[in-house]
Student: 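The structure that follows is given in the form of structure tokens.
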Amino acid sequence: MLNIVLFGPPGAGKGTQSERLKEKYDLAHISTGDVFRGLDPTSELAKLASSYSAKGNLVPDAITIQILEGEVSKHPNALGVIYDGFPRTTAQAEALDKFLASKGTEVTRMISLVVPEDELKTRLIARAEVSGRADDADPAIIQNRINTYQQSTAPVADFYKEQGKLIEIDGVGSIDEITARIFGAIDSIK
Ligand code: AMP
């Protein structure tokens with residue numbers, strides 16, 4: 001299986017690049033952010049999740065890990081999975097390793113998109129126009145998401161680096177250029 005963790009701060013291009021990876025390598029694509037946004041808004045789970053996400057905070061690990069495992073189980077015959085926006089804490093990364101090991105597989109590589117903070121802010125504000133996402137439109141929430149990334153999520157890259165699985169990709173350039181860099185990195189794995 002090709003299990004790719006597509007990693008990077010908010011606005012790095014994970015969703016856009018996931019769509020291309022999914023097509024090219026015939027993978028399942030799991031975005032925990034999309035899953036949270038897709039919950040029935042009247043459900044208790046949706047209300048709980050949005051009490052965190054609306055402020056730009058992380059949804060607690062226990063809930064997120066359970067959601068993720070449920071999503072993976074929906075793709076029993078997948079050739080592999082792109083994990084987009086998960087894991088975002090070291091506890092989530094440990095849970096993913098354990099979960100995949102129980103299925104006889106593992107994370108193949110983490111691909112980390114590297115984008116400077118100023119560029120992220122510009123991209124998120126522009127994305128708000130089309131995404132309609134309230135968490136993209138408010139500069140204070142954007143800043144909180146970036147700070148949360150730096151404090152809680154960036155250490156996850158070290159977790160995979162220690163396993164020799166981290167690939168860093170320059171995430172600045174045209175969408176096609178970045179796709180080509182990612183495809184090049186994946187094609188050189190085997
Ligand atoms: P995203 O679409 O990846 O930017 O995620 C939107 C929001 O969903 C985040 O700001 C978090 O509140 C929540 N979220 C998504 N993925 C996770 C995760 N792996 N852990 C905790 N919260 C998450």
Side-chain angles (χ1 to χ4, degrees), residues 1-10 12-40 43-53 56-114 145 148-169 182-183 185-190:
M1 281 183 88
L2 184 61
N3 293 313
I4 300 293
V5 173
L6 194 55
F7 188 75
K14 299 186 295 293
T16 304
Q17 297 299 336
S18 289
E19 290 302 322
R20 292 170 166 220
L21 278 175
K22 174 186 167 170
E23 288 284 309
K24 162 113 172 156
Y25 298 98
D26 198 13
L27 305 173
H29 169 212
I30 299 176
S31 154
T32 40
D34 284 349
V35 175
F36 287 132
R37 281 185 291 276
L39 294 171
D40 169 0
S43 68
E44 288 309 310
L45 184 58
K47 287 179 196 161
L48 184 62
S50 74
S51 71
Y52 294 93
S53 59
N57 294 325
L58 294 180
V59 178
D61 285 335
I63 299 170
T64 307
I65 290 164
Q66 203 182 347
I67 290 265
L68 185 277
E69 293 186 357
E71 288 299 312
V72 175
S73 303
K74 290 181 187 169
H75 303 278
N77 301 316
L79 297 177
V81 177
I82 305 160
Y83 295 89
D84 163 7
F86 184 97
R88 260 171 153 105
T89 63
T90 305
Q92 290 179 15
E94 285 165 353
L96 181 63
D97 272 10
K98 228 186 234 175
F99 180 65
L100 293 181
S102 77
K103 294 185 171 297
T105 185
E106 62 178 348
V107 168
T108 311
R109 289 289 186 280
M110 167 186 270
I111 296 190
S112 171
L113 297 173
V114 181
R145 288 162 69 202
T148 302
Y149 171 82
Q150 281 160 355
Q151 283 158 23
S152 306
T153 304
V156 180
D158 296 329
F159 179 89
Y160 289 105
K161 191 175 184 179
E162 281 164 20
Q163 296 185 18
K165 291 182 175 176
L166 174 66
I167 300 175
E168 289 189 315
I169 299 275
I182 298 174
F183 286 177
I186 292 181
D187 290 340
S188 65
I189 292 172
K190 296 158 214 155

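Computed from a predicted model, the values in this text were never measured in an experiment.
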Student: What residues form a side chain to side chain contact (heavy atoms under 4.5 Å, CB included) with T89, not counting sequence neighbours?
Tutor: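 If we apply the side chain to side chain contact (heavy atoms under 4.5 Å, CB included) test to T89, skipping adjacent residues, the hits are L58, D61, A91, Q92.
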Student: Side-chain donor-acceptor contacts of residues 98-107 below 3.5 Å, not counting sequence neighbours, with atom names and distances?
Tutor:
from, atom 1, to, atom 2, distance (Å)
S102, OG, F99, O, 2.6
T105, OG1, N3, ND2, 3.0
E106, OE1, K165, NZ, 3.3

Student: Which residues pass the side chain to side chain contact (heavy atoms under 4.5 Å, CB included) test with S50, sequence neighbours left out?
Tutor: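 Applying side chain to side chain contact (heavy atoms under 4.5 Å, CB included) to S50 gives S53.
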Student: Can you measure from CG (L39) to CG (L45) and round to the nearest 0.5 angstrom?
Tutor: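 Here the rounded value is 5.0 Å.
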Student: Listed by chain and number, what are the side-chain hydrogen bond (donor to acceptor under 3.5 Å, both in side chains) partners of E94, not counting sequence neighbours?
Tutor: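 Result, side-chain hydrogen bond (donor to acceptor under 3.5 Å, both in side chains) vs E94: none returned.
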Student: List the atom pairs, donor and acceptor, that lie under 3.5 Å between side-chain atoms in residues 67-81 and the rest of the protein, sequence neighbours left out.
Tutor:
from, atom 1, to, atom 2, distance (Å)
E71, OE2, K74, NZ, 2.8
S73, OG, E69, O, 2.9

Student: On a heavy-atom basis, which atom in L27 and which in L2 lie closest, and how many Å separate them?
Tutor: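 That closest heavy-atom pairing would be CD2-O, 3.8 Å.
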Student: Where do I186 and T108 land on the side-chain contact (heavy atoms from CB on, under 4.5 Å) test, with the steps shown first?
Tutor: CA-CA 10 Å; I186 292 181; T108 311; over 6 Å; no
Student: Under the salt bridge (charged side-chain N to carboxylate O under 4.0 Å, His left out) rule, collect the residues that match up with E162, sequence neighbours excluded.
Tutor: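 Per chain and number, E162 pairs via salt bridge (charged side-chain N to carboxylate O under 4.0 Å, His left out) with no residue.
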Student: Please collect all salt bridge (charged side-chain N to carboxylate O under 4.0 Å, His left out) contacts where either partner lies in residues 20-38, sequence neighbours excluded, each pair once.
Tutor: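 Applying salt bridge (charged side-chain N to carboxylate O under 4.0 Å, His left out) to every pair that reaches into residues 20-38, excluding sequence neighbours, yields R20-D176, D34-R37.
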Student: Quick one: does T64's side chain get under 4.5 Å of F86's, heavy atoms only?
Tutor: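 The answer is yes, as the side chains (C-beta and beyond) meet within the 4.5 Å cut-off.
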Student: What is the minimum heavy-atom distance between A95 and I65, and which atoms define it?
Tutor: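 Result for this residue pair: CB-CD1, 3.6 Å.
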Student: The test is side-chain contact (heavy atoms from CB on, under 4.5 Å); show your working for S112 and L166 and say whether it passes.
Tutor: CA-CA 7 Å; S112 171; L166 174 66; 3.8 Å; yes
Student: Not counting sequence neighbours, which residues clear side chain to side chain contact (heavy atoms under 4.5 Å, CB included) with A154? List them please.
Tutor: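 Result, side chain to side chain contact (heavy atoms under 4.5 Å, CB included) vs A154: Y149.
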Student: Could you pull out all residues at least two apart from D158 that satisfy side-chain hydrogen bond (donor to acceptor under 3.5 Å, both in side chains)?
Tutor: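 Applying side-chain hydrogen bond (donor to acceptor under 3.5 Å, both in side chains) to D158 gives none.
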Student: Of all heavy-atom pairs between A157 and M110, which one has the smallest distance, and what is that distance?
Tutor: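 Minimum heavy-atom contact is CA-SD, 3.8 Å.
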Student: Please identify each residue that fulfils side-chain hydrogen bond (donor to acceptor under 3.5 Å, both in side chains) with R88, with sequence neighbours left out.
Tutor: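 Result, side-chain hydrogen bond (donor to acceptor under 3.5 Å, both in side chains) vs R88: none returned.
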Student: Under 6.0 Å from the NZ atom of K161, do we count more than 12 heavy atoms belonging to anything else shown?
Tutor: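 Open: at most 12 neighbouring heavy atoms sit under 6.0 Å from NZ of K161.
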Student: Roughly how far apart are I63 CD1 and T32 OG1, rounded to 0.5 Å?
Tutor: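 The distance works out to 12.5 Å.
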Student: So, using side chain to side chain contact (heavy atoms under 4.5 Å, CB included) as the criterion, who are the partners of P155 when residues are at least two apart?
Tutor: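 In terms of side chain to side chain contact (heavy atoms under 4.5 Å, CB included), with neighbours along the sequence ignored, P155 is linked to T90.
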Student: Measure the shortest side-chain to side-chain distance between P87 and Y160 over non-hydrogen atoms and say whether it is less than 4.5 angstrom.
Tutor: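 Side-chain contact under 4.5 Å: yes.
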Student: Side chains of I30 and I82, heavy atoms from C-beta outward: is any pair under 4.5 Å?
Tutor: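 No; the side chains remain at least 4.5 Å from each other.
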Student: Are Y25 and F183 close enough that their ring centers fall under 6.0 Å?
Tutor: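 Centroid distance Y25-F183: below 6.0 Å, so yes.
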Student: Can you tell if the side chain of D84 reaches within under 4.5 Å of the side chain of F7, non-hydrogen atoms only?
Tutor: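 Side-chain contact under 4.5 Å: no.
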Student: State, to 0.1 Å, how close A185 and I167 come at their nearest heavy-atom pair, and which atoms those are.
Tutor: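 Scanning both residues completely, I find the closest heavy atoms to be CB-CG2, 4.0 Å.
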Student: Is it true that Q163 and D97 share a donor-acceptor pair across their side chains at a distance under 3.5 Å?
Tutor: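 The answer is yes; a qualifying pair exists.
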Student: Under the 3.5 angstrom rule, does the side chain of K14 hit a backbone N or O of S31 as a donor-acceptor pair?
Tutor: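 No.
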